[in-house]
Every structure is written in structure tokens, then in C-alpha cells.
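Everything below concerns the one structure shown next.
Numbers here simply count residues along the sequence, with the first being 1.
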Amino acid sequence: MRIYLAQAFNGIALVGALLGILTSGMPSEDQTILSGAITVLASIILIGQFLLRRNDAAFVMFAVLSFYIWIAYPLKVILVIHDPMSSWVSHQLFHANIVQKEIAGAFYTVIPGLIALLLGFLIGGASSSRDREERVILYHGYFVTIILGLMLLKIVLQNFWGIGLPGVKPELVSVPFVTGLLDMLSRPVLFAMVNLYFYCVLRLKERRGLFQAFCLILLNILLAVRVGWKGELVVQGALIAFYLTDVYNYLEPKRRRLVALAAILVMVATINLYALVGEYRNHILSGRTMSEAIEKVEDKEKKNTSSMSLYPIYNRVNGIDAYYAAIKLGRGKDFPLDSLLSDQVMDLIKERFYGYDKDRAVTAFGTTQFSVLYLVGGVPLLTFGCFVIGWAFRWLAMLIKERVLTSEVTFYAYLPLLCILWIKVLSAGGMLPLYLKELMLLVGCFYCVERVCYRRQIIHATGDKDVVHAMLPVK
């Protein structure tokens, strides 16, 4: 089913892109070049889908990667050509006519990197099939205790130390790196643990855990929305949709209907609440209390008859517009090699908005990893760097799957979050060290959870019957 959906999206996106080019009013020569570049990209994606069709984990990662590339680059280019005011760049940085004329040229410079990224992923490490079946029994008490403990930590950090709040600089703890560690434990680690428990309950058909797993998800979303985090709404909706398709065949008919209904409700709420949560956060940051912020959002909602729109979410996807802004602002400037691991390119946009107060601004602009590579070394470094990144994506994922995590249930629960982490790496230039720390912390927490909250049984086939052994700690 995933293969057909991915191939269908690739075909629909290609046809839509070509039709958009033909109706764009561009000169015929530019139409031919842009159509050819997008067709080559679509062909590589189609070939990759065929080659990875028997490797579930790699196929999912490649499908997510290609989906992001489509919506962030080719489709966004065509959208901006038709309506330059659809991009935040035209609103806040450059004149709309200039953006409309130059956006295709920026796409031509990034297309070698996009192709190299896909080829690097296809050449990356291969996974081996497991020779043993497994049964996992959950210790619900341990699992829920860990999650509730992280939620309590999140509440304490948000209310007393200002850690884990959007747009707020936290109070620095005297011990180095502790602030960042606490922030990760209260946000990405907690989010991953809640969804790991939810996936395990679905996949293992644990009867008594589904309701409390839903409650934990809703509670975690409320804790995030309460202080203005809106990204977790989108990610949670995407995760539930992924989990539903992944475990659909494992569920009983009654549970299928229940989970399907819950997934639809979460995704509808995600689209409907995203813009409202953003407004709510702006009111909170302006100094209003939570009750005052809620009243302001309610007043605006009454005046707005069409709040349900995908545009605010789509406009937040960093792609060709952020790449174009970064390379245009950085043109003629020298960027050393360490810019690949710092926020020097990101500061280009912050300086344009805030001037000399850019260091005091509590915000971040994703200038994309592609723009950093291009500004440091041009198209050659962009192509080589993207190939290495694509290869590393797959190699690291297979290393985690085959060597670090002992249960495939854990890996497939983490797989969509891992894909999202790769998208974040591509969307935010210079943030690679931060995301590598997040990866190591999350995988380390999963490693510990497997040994505390699982009783994993290995089934060895013998002559007369199966022999079951309980899992022992891996040395």
C-alpha cells in the first residue's frame, strides 16, 4: 500500500508540476529547462522507489525524503512563480517581482544537491533480515511511570526555569550543557516516549493500554499547546497517520474503527488549531496572561470564517524560498568551512530583520543545509556534501536498526521521528551538531527503555516445538 501511495504521489506531483510550468507564462526556453530538471528528479525518485520496494525501513525513509523534496522545492518553485506573495520571502525580504524572476535560477543551483542526496541515500548501507521472530511483553507500569515523570519535569521546567518555552531564553543552569539536556528530555524525549508507548500498544495488541496511551498523547499535546508550541500538533497528526497505516493489519476491526476515527480527529484538529496556536503564542510573548491570550484568539476566530487551512503549515516548510533568501543575502561574502556547523548563515536573515539586536532575538530561521553548503563551496561542495548526507542518513538508520535497538517494534515506532529529524537537518543549516545530540540522546533513551519496560522473547524453532527464551541484557 505504501509503495502505491508513494508512486501515485510522485506521478501526481510530476504532472502537476509540468502543468504548472506550462501555465506559468515563462519563456519557452525556461519552461523546457525547468521541466527537464523536474522530470529527471522525478525519474530518480521513481527508480529509488523500485529499488527499495523490498526494504520497508529504507523505503519509508526514502518516501518521506522525496515527499519533502517535492513540496519544498519543485512544487514551491512553481507556486512562487504563479503567486510570489505566497512566500514569506516576498512579504519580508525582497520585492515580489524580483522573487518571481529569480526563484527558478535558485532552483537550478540546488537541483544537483537534491539529486546527489537521493543517490547517496540509495547507495548507503543495506539492512539485513532478522532470522528470529520475537514477542514483546510490555511492563505498562514502568512505561507510564517514566512518561509521567518526564511530564512532571516538563511542567516544572516550564513554570519555574523557563526551559522548553517557545521564544523565551531559559535561565542558564550553572552546570554546562544541563539546560540543553533538560530541554531535550522535556520535549523531544518525552514526545518520543509517549508515541513509542502508543505504537507498542497498537502493534502488540495490548488491550488495557490503548485508552491510557491516547490520554497520554492528549495530555502531552495540551502541555505543548498550553505554552504555544504548534509544531508538535503537526508532528503528532503525522505520527498517528503513519502508525495507523503501519499497524492496520494487526488490529481487530473494532480497534481499526476507533484508531481511524481518532486519527481523523487529530489531523483535523491539527489543521484547524495550527494558526490559532501561533496567535496564542504571540499574545503570550507580548506579556499577556494565558486567559487573556485565549480571549484574544477566540475574538479573532469569531471574525475569521475560514481558519481551517493548510497554508500556514505549508508556509513553514523551509525549502526553495529559504534557500533563495540565504544565497541572495550571502552573495559576495566569504564563509569559512566551520559555517557548516554554526549559525553564521542563519544570522544573515536574523541580521536583516533585527540588525545589531540579532543576538538578542529568541528565534531561528532555517536557511536549509543546502544553502550553507552552496555558500561555503558552491555547486561542487553542495553536490558532494548532499551525497555524503544522503549516504549517512541511511547508514545511521540501519546502524540503529541492526546494531543498537534490539526490538523492531522500537525501531518502527521511532522511524517516523527519525525521518522528521532528517528533514530538520536539511531544513536548518548549521544545526547539525544539535540534531546529532538529539539523535544520540533519543536512541540512548530507547536503548534503556527496551531493557526496563520490555520483556522480549526470542522464538527458536526446534524439532518438536518452539523454545522461548526471555531477553537478557545485551553486553
Side-chain angles (χ1 to χ4, degrees), residues 9-10 12-14 16-17 20-21 24 34 37-38 40-42 44-45 62-94 96 98-118 121 231 234-235 238 274 309-330 345-346 348-349 364-375 379 382-383 385-386 389-390 393 419-432 435:
F9 176 80
N10 190 50
I12 293 172
L14 176 60
I21 293 172
S24 64
L34 187 57
I38 293 177
V40 170
L41 183 66
I44 293 174
I45 292 175
F62 188 79
V64 173
L65 192 63
S66 58
F67 176 78
Y68 164 73
I69 288 175
W70 266 118
I71 65 172
Y73 288 90
L75 296 181
K76 243 188 181 183
V77 167
I78 296 166
L79 177 63
V80 173
I81 290 174
H82 279 270
D83 181 15
M85 295 305 295
S86 63
S87 173
W88 62 272
V89 175
S90 299
H91 286 279
Q92 301 176 7
L93 290 179
F94 310 114
I98 296 176
V99 175
Q100 188 178 35
K101 292 178 181 178
E102 297 180 347
I103 196 72
F107 179 72
Y108 298 148
T109 64
V110 78
I111 191 71
L114 298 176
I115 293 175
L117 180 73
L118 296 173
F121 184 88
V234 180
V235 176
Y274 184 85
S309 172
L310 286 172
Y311 173 73
I313 300 176
Y314 185 57
N315 200 36
R316 292 283 294 179
V317 177
N318 283 331
I320 188 62
D321 43 4
Y323 173 84
Y324 164 74
I327 65 173
K328 186 174 179 65
L329 291 174
V345 176
M346 188 186 301
L348 288 172
I349 300 181
F365 293 93
T367 48
T368 77
Q369 197 67 41
F370 303 101
S371 64
V372 178
L373 290 167
Y374 180 81
L375 288 174
V379 174
L382 172 65
T383 305
C386 287
I389 290 174
F393 281 178
C419 294
I420 292 171
L421 182 64
W422 297 149
I423 300 303
K424 288 161 65 176
V425 169
L426 296 175
S427 301
M431 304 292 287
L432 191 59
Y435 293 133

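The side-chain heavy atoms of Ile38 and Val77, taken from C-beta on, include no pair separated by under 4.5 Å. Ile111 is not listed as a side-chain neighbour of Val40, based on a closest heavy-atom distance of 4.5 Å or more. Within the 4.5 Å cutoff, the side chain of Ile327 has no heavy atoms near those of the Phe370 side chain. With a 4.5 Å cut-off on side-chain heavy atoms, Ile389 and Phe121 do not count as touching. Residues Trp422 and Val64 have side chains not in contact (no heavy-atom distance under 4.5 Å, counting atoms from C-beta outward). Using a 4.5 Å heavy-atom threshold, the side chains of Leu93 and Trp88 count as touching. Using a 4.5 Å cut-off on side-chain heavy atoms (C-beta onward), Phe107 and Ile78 make no contact. Leu118 is listed as a side-chain neighbour of Leu41, based on a closest heavy-atom distance under 4.5 Å.
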| query | Yes or no on side-chain contact (heavy atoms from CB on, under 4.5 Å) for Leu426 and Phe393, after CA distance, side-chain angles and deciding distance? | reply | CA-CA 11 Å; Leu426 296 175; Phe393 281 178; 4.1 Å; yes
| task | Evaluate the side-chain contact (heavy atoms from CB on, under 4.5 Å) criterion for residues Val110 and Tyr374: first the C-alpha distance (whole Å), next the side-chain angles of each, then the deciding distance (0.1 Å), finally the verdict. | result | CA-CA 8 Å; Val110 78; Tyr374 180 81; over 6 Å; no
| Could you go step by step and tell me if Ile45 and Phe62 meet the side-chain contact (heavy atoms from CB on, under 4.5 Å) rule? | CA-CA 8 Å; Ile45 292 175; Phe62 188 79; 4.2 Å; yes
| task | Begin from the C-alpha positions of Leu117 and Ile69 and carry the test side-chain contact (heavy atoms from CB on, under 4.5 Å) through to its verdict. | result | CA-CA 10 Å; Leu117 180 73; Ile69 288 175; 4.1 Å; yes
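Nearest approach of Ser87 to Val80, heavy atoms of both residues: CB-CG2, 4.0 Å. Counting all heavy atoms, side chain and backbone alike, Asp321 lies closest to Lys76 at OD2-NZ, 3.1 Å. Pairing each heavy atom of Pro84 with each of Ser90, the nearest pair is O-OG, 2.6 Å. In terms of heavy-atom proximity, Ala96 sits nearest to Met85 at CB-SD, 3.5 Å. Here the closest heavy-atom approach between residue Thr368 and residue Gly319 is recorded as CG2-O, 3.8 Å. Of all heavy-atom pairs between Ile320 and Ala106, the closest is CD1-C, 4.0 Å.
Here the CG-CD distance, from Leu382 to Gln369, works out to 10.0 Å after rounding to the nearest 0.5 Å. Separating the OG atom in Ser66 from the CD1 atom in Ile44 is a distance of 12.0 Å, to the nearest 0.5 Å. Summarising the geometry, atom CG belonging to Leu114 is positioned 10.0 Å from atom OG1 belonging to Thr383; distances are rounded to the nearest 0.5 Å. Note that the CH2 atom of Trp70 and the CZ atom of Phe9 stand 8.0 Å from one another [nearest 0.5 Å].
Annotation: cation-pi geometry satisfied between Lys328 and Phe94 (NZ/CZ under 6.0 angstrom from ring centroid, within 45° of ring axis).
When atom types are taken as modelled, the side chain of Ser24 and the backbone of Ile21 share a donor-acceptor pair closer than 3.5 angstrom.
Between Tyr68 and Tyr73, the ring planes are perpendicular. Angles over 60° get that label, and only those under 30° would be called parallel.
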